[in-house]
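Here is the structure we will look at.
Each chain gets a letter, A, B and so on, in the order the sequences are listed, and its residues count up from 1.
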Amino acid sequence: MTISKRQTSMRTHMCGEIGTSDVSQTVTVCGWVAKRREHGDKLAFVDLRDHSGIVQCVIDNAVDVRSEYVVKITGVVRPRPDGTVNANLSTGAVEIGECVVEVLRSAEPPPFPVDARADDVDENVRLQYRYIDIRRERMQKNLRTRAKVNSAVRTAMENQGFVEVETPMLVPSTPEGAREFLVPSRKEPGSFYALPQSPQLFKQLLMVAGIDRYYQIARCLRDEDLRADRQYEFMQLDAEMSFVNQDDVLAAISEAVIAAAESVTGVKPDPIQRITWREAMERFGVDKPDLRFGMELTELTAIFSSTEFKAFTGAESIKGIRVEGKAEEFGRNKLDALTDRAKKMGAKGLVWLKVAADGTLESPVVKFLSADEQAKLISTLQAAPGDLLLIVADEWSMTCEVLGTLRNDLGRPPVHQGPYRYVWVTEFPLFVGVDKETGQPKPGHHPFCQPHPEDLDKFETDPMSVRSLAYDLVLNGWELGSGSIRIHEPEMQRRVFTALGISEEEANRKFGFFLKPFTYGAPPHGGFAFGLDRLVAILAGEENIREVIAFPKTQSGQDPMTNAPTRAENKQLDELGIRVLPPKV
RNA sequence: GGUCUCGUGGUGAAGUUGGAGUUCACGCCGGCCUGUCAAGCCGGAGGUCGCGGGUUCGAGUCCCGUCGGGACCGCCA
């Protein structure tokens with residue numbers, strides 16, 4: 001039993017752990033009154049709750065205890081009388097009788113029921129009274145799941161020789177990447193620290209420093225708009241290793257993720273499969289594929305190589321998805337909505353076809369397709385009567401992205417719904433897109449990422465096709481985290497900066513403190529970071545990371561409980577040399 | 001920055017074609033009740049329908065604005 005560890009001077013047992021083996025023992029439990037059921041002056045039932053569960057206490061005299069009073073009850077454990085066992089309660093076979101009740105603290109009635117009914121309460125109210133919300137079984141379970149994951153991750157990393165090193169929270173601002181939180185310097189008015197978006201620079205310097213294997217359960221901060229899977233501050237398992245290749249990193253991180261999952265679910269996940277970025281885009285149209293369902297993108301370009309259908313002629317890439325059995329369900333309105341969705345993403349259009357009962361195709365565009373094209377379309381997509389077929393013809397990346405989005409819209413289950421499908425996505429492109437202002441390529445991951453050794457010859461001639469040694473870990477369509485093998489040679493770093501259009505002067509100004517150490521002997525190294533909030537949410541069966549964070553912010557970045565952020569006193573601002581502009585009209 | 005959506009006693013909801021702050025469940029307060037268990041019965045209190053403006057004889061309901069919550073897009077190297 002775990003009871004002894006939780007025994008204190010005030011209690012002998014936890015409420016939820018009392019069972020038939022304790023019968024006839026005198027016990028003392030402490031907790032909150034979950035429910036009181038009175039039957040006149042001579043009998044009352046009090047359900048007492050602590051984080052372990054609920055136990056029924058039988059009171060034989062009048063006592064004024066109400067919802068959420070904090071009480072200490074001493075009594076004798078006894079089996080419940082025949083016919084009064086409560087199968088819905090883990091302690092339902094027994095009760096505590098002959099109770100002596102001591103009220104430790106009275107309480108106002110709670111603003112919402114402290115049980116599963118509060119799942120329906122406005123989240124803002126739950127957050128305003130988070131300390132009551134957390135009394136509930138769901139939140140207790142979620143926070144304890146989180147602790148289990150943290151613990152399993154730590155153990156897994158320690159077992160592999162990783163050393164925990166804490167990196168600073170007050171760091172220099174690096175304008176690339178996510179928007180940062182700034183902290184004014186009092187000693188040097190006008191100067192600012194930034195709160196770290198990640199320990200990226202420091203952990204690489206720890207490799208230069210010979211730590212060899214670093215990890216940290218690190219708080220990271222990004223001042224970007226919030227979402228179901230994003231908070232201003234979030235926790236990452238951050239790790240970095242020296243003298244490794246990509247396989248070494250993936251193996252080490254997999255170990256931690258698998259340990260975390262097993263600690264919560266009790267089931268050890270299979271080895272995590274891998275897919276290249278290119279294949280993920282080809283088959284799923286996204287770089288964070290959800291492998292739990294089919295509806296994969298099917299290549300159709302060859303079929304329409306000499307088509308008469310103008311929308312398809314000359315298209316770089318034509319792909320389709322088969323939405324099984326949905327032909328009837330999708331009337332004109334829904335199809336128009338899908339088309340709008342595709343167009344808003346930048347596609348020229350969306351072609352839809354329905355497979356009729358006799359196996360023929362029905363669509364406004366079917367008259368433009370030859371019999372041969374129609375036959376090949378049906379066979380390639382393995383279409384059957386009742387299916388809806390969606391086709392996009394555009395540039396390769398547009399075709400993939402649009403169909404990938406439609407695939408998720410039409411088929412993706414809630415993120416926490418089993419099974420858990422982990423996947424490593426490797427070989428991300430080194431550069432993604434072009435900066436609108438400078439016309440230079442933008443880094444796909446970050447500018448310290450090692451280019452793929454097979455693509456070095458294309459570096460200057462065709463930079464957009466250069467792959468990198470960067471990789472993401474994806475679970476059920478959520479990006480858990482990403483990492484890469486880093487550049488450790490200053491010459492290679494210069495090449496990448498040049499490709500990004502960053503001059504030597506600019507590089508030294510922005511990253512000087514980071515680049516100089518690399519001239520003193522940097523080992524080959526690589527690392528990874530994955531978001532613990534997201535992993536815990538999925539493992540806890542939640543689809544919102546706020547449910548696994550004790551005190552999260554709302555979508556607008558506020559805390560309804562503390563009212564943060566609050567206005568600063570003028571005195572504080574004066575000391576910091578800061579003046580606040582009047583609000584914009 | 002944008003699209004969509006929600007806002008009605010402490011909580012969750014309903015509120016029809018614009019016709020009195022109306023209704024339901026839970027909670028709360030008081031009473032009754034010796035085996036209940038999200039107890040039962042009786043009684044009671046509790047609301048500036050988020051806020052502001054407009055249309056109207058009359059607005060929870062229609063219109064405009066605004067504030068707040070949520071989902072998503074942008075953004076998140």
Side-chain angles (χ1 to χ4, degrees), chain A residues 34-49 54-62 66-68 78 80-89 91-92 95 97 108-129 132-133 174-180 197-198 200-201 220-232 234 337 340-341 344-346 401 405 408-409 414 428 430-433 435 441-449 468 470 479 482 484 496 500 502 510-511 529 531 543-544 546 553-558 560:
Chain A
K35 199 70 204 176
R36 164 198 60 160
R37 292 178 294 279
E38 273 186 297
H39 297 254
D41 297 339
K42 296 273 171 19
L43 177 67
F45 299 96
V46 166
D47 287 343
L48 194 66
R49 181 192 66 241
I54 285 176
V55 66
Q56 173 167 282
C57 306
V58 186
I59 320 266
D60 298 316
N61 49 12
R66 293 165 190 245
S67 286
E68 300 307 310
R78 65 193 187 199
R80 292 199 186 188
D82 286 346
T84 64
V85 167
N86 184 348
N88 298 323
L89 222 52
T91 60
E95 62 190 13
E108 295 295 319
F112 48 79
V114 188
D115 57 36
R117 284 173 293 185
D119 290 347
D120 296 326
V121 170
D122 188 309
E123 195 188 355
N124 216 35
V125 177
R126 289 176 55 207
L127 291 181
Q128 196 181 340
Y129 299 93
I132 297 172
D133 192 35
T174 50
E176 270 68 27
R179 188 180 296 119
E180 297 167 318
Q197 309 167 35
S198 88
Q200 183 66 33
L201 306 182
C220 303
L221 298 107
R222 294 178 188 173
D223 187 5
E224 296 289 353
D225 287 357
L226 278 42
R227 288 278 205 290
D229 59 352
R230 284 193 239 155
Q231 283 275 302
Y232 281 153
F234 57 99
D340 276 355
R341 177 98 163 129
K344 272 183 187 156
M345 295 187 64
E401 282 171 32
T405 300
N408 276 341
D409 285 355
F428 271 73
L430 189 64
F431 304 113
V432 173
D435 192 304
K442 294 185 291 187
H445 190 48
H446 61 60
F448 314 114
C449 228
S468 69
E479 180 191 324
S482 57
S484 63
V496 172
L500 291 169
I502 298 174
K510 284 184 174 168
F511 307 111
E543 43 192 319
N544 189 314
R546 292 189 298 271
K553 305 281 189 289
T554 66
Q555 202 169 64
S556 62
Q558 290 172 325

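Separating the P atom of rA71(B) from that of rC62(B) is a span of 26 Å, rounded to the nearest Å. Remark: the separation of the C1' atoms in rG10(B) and rG53(B) is 30 Å, to the nearest Å. When the P atom is used for both rU61(B) and rG52(B), the distance is 13 Å, rounded to whole Å. Comparing the P positions of rC67(B) and rC51(B) gives an interatomic distance of 15 Å, to the nearest angstrom. Rounded to whole Å, the separation between the P atoms of rG44(B) and rA39(B) comes to 23 Å. For the C1' atoms, the distance from rC73(B) to rG58(B) is 42 Å, rounded to whole Å.
Distances shown here put every side-chain N or O of Thr84(A) at or beyond 4.0 Å from the OP1 or OP2 atom of rU36(B). Phosphate proximity of rG7(B) to Asn124(A): absent, as no side-chain N or O sits under 4.0 Å from OP1 or OP2. Contact between the side-chain N/O atoms of Arg37(A) and the OP1/OP2 oxygens of rU36(B) is not found at any separation under 4.0 Å. Distances shown here put every side-chain N or O of Arg341(A) at or beyond 4.0 Å from the OP1 or OP2 atom of rC72(B). Proximity of Gln555(A) to the phosphate of rA71(B): a side-chain N or O atom is located under 4.0 Å from OP1 or OP2. Proximity of Ser556(A) to the phosphate of rG69(B): a side-chain N or O atom is located under 4.0 Å from OP1 or OP2.
Each of rG1(B), rG35(B), rG69(B) was ranked by its minimum atom distance to the side chain of Asp225(A); first place goes to rG1(B). Nearest nucleotide to the side chain of Asp122(A), out of rC76(B), rU34(B), rG12(B): rG12(B).
Under the Watson-Crick or G-U wobble criterion, with both distances below 3.5 Å, rG65(B) is paired with rC51(B). Base pairing analysis places rG12(B) opposite rC24(B); the two distances defining the Watson-Crick or G-U wobble pair are each below 3.5 Å. Nucleotide rG40(B) forms a Watson-Crick or G-U wobble pair with rC32(B), both donor-acceptor distances falling under 3.5 Å. With a cut-off of 3.5 Å on both Watson-Crick or G-U wobble distances, the partner of rC57(B) is given as rG19(B). When both pairing distances are held under 3.5 Å, rG46(B) makes no Watson-Crick or G-U pair with any nucleotide shown. When both distances must be under 3.5 Å, the Watson-Crick or G-U wobble mate of rC4(B) is rG70(B). Figure legend. rC76(B) is base-paired to no nucleotide; pairs are counted as Watson-Crick or G-U wobble with both atom distances under 3.5 Å.
Shortest non-hydrogen contact noted between Glu38(A) and Ala44(A) is CG-CB, 4.0 Å.
Looking at heavy-atom distances under 4.0 Å, Gln56(A) makes contact with a base. No engagement by Asp229(A) is indicated, since no non-hydrogen atom pair under 4.0 Å with the nucleic acid exists. Heavy atoms of Glu95(A) sit under 4.0 angstrom from at least one base atom. Using a 4.0 Å heavy-atom distance criterion, Asn86(A) is classed as a base contact. Here Pro81(A) lies in heavy-atom contact (under 4.0 Å) with a base. At the heavy-atom level, Ala228(A) lies under 4.0 Å from the strands shown only through sugar-phosphate atoms. Using a 4.0 Å heavy-atom distance criterion, Gly444(A) is classed as a sugar-phosphate-only contact. Within the 4.0 angstrom heavy-atom criterion, base atoms lie near Arg78(A). Counting non-hydrogen atoms under 4.0 angstrom, Arg230(A) reaches a base of the nucleic acid.
Positionally, the nearest nucleotide of RNA chain B for Phe112(A) lies more toward the 5' end than for the other of Phe112(A) and Gly83(A). The residue among Val85(A) and Arg546(A) whose nearest nucleotide of RNA chain B lies closer to the 5′ end is Val85(A).
When each of Glu123(A), Gln231(A), Gln555(A) is checked for a side-chain hydrogen bond (donor to acceptor under 3.5 Å, both in side chains) with Arg546(A), only Glu123(A) meets the rule. Considering Asp120(A), Asp119(A), Val125(A), Asp122(A) as possible partners of Phe112(A), the one that fulfils the side chain to side chain contact (heavy atoms under 4.5 Å, CB included) test is Val125(A).
The aromatic ring of Phe45(A) sits over the base of rU36(B), with ring centres less than 5.5 Å apart and planes inclined by under 30°.
In this structure, Arg80(A) places its CZ atom 11 Å from P of rC37(B), rounding to the nearest Å. In this structure, Glu224(A) atom CD and rG1(B) atom P are separated by 13 Å, rounded to whole Å. Rounding to whole angstrom units, CD1 of residue Ile59(A) and C1' of rU34(B) are separated by 14 Å. With rounding to whole Å, Asp340(A) atom CG is found 17 Å from rC73(B) atom P. If you measure from atom CG of Asn88(A) to atom P of rU36(B), you get 15 Å, rounded to the nearest angstrom. Here the C1' atom of nucleotide rU34(B) and the CG atom of Asp60(A) are 9 Å apart, to the nearest Å. Taking atom CG on Leu226(A) and atom P on rC76(B), their separation rounds to 15 Å, with Å as the unit. Distance, Arg227(A) CZ to rU3(B) C1': 12 Å, rounded to whole Å.
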TODO: Test side-chain contact (heavy atoms from CB on, under 4.5 Å) on Ile54(A) and Thr91(A) and set out the steps.
DONE: CA-CA 7 Å; Ile54(A) 285 176; Thr91(A) 60; 5.5 Å; no
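Taking 4.0 Å as the cut-off between side-chain N and carboxylate O, Arg230(A) and Asp225(A) do not count as a salt-bridged pair. Between Asp133(A) and Arg126(A) there is a salt bridge, with a side-chain nitrogen of the basic residue lying less than 4.0 Å from a carboxylate oxygen of the acidic one. Comment: Arg49(A) engages Glu68(A) in a salt bridge, judged by a side-chain N to carboxylate O separation of less than 4.0 angstrom. Salt bridge absent: Asp229(A) and Arg227(A) never bring a charged side-chain N and a carboxylate O closer than 4.0 Å.
In terms of modelled atom types and a separation under 3.5 Å, the side chain of Glu543(A) and the main chain of Pro414(A) share no donor-acceptor contact. Thr174(A) places no side-chain N or O within 3.5 Å of a backbone atom of Lys510(A) that could act as its donor or acceptor partner.
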Open item on the list: I'd like to compare against my own output: the B/S/- annotation of nucleotides 26-33 of chain B with a strict under-4.0 Å heavy-atom distance to protein.
Closed with: SSSSS--B
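In this structure, NZ on Lys35(A) lies 14.0 Å from CZ on Phe45(A), to the nearest 0.5 angstrom.
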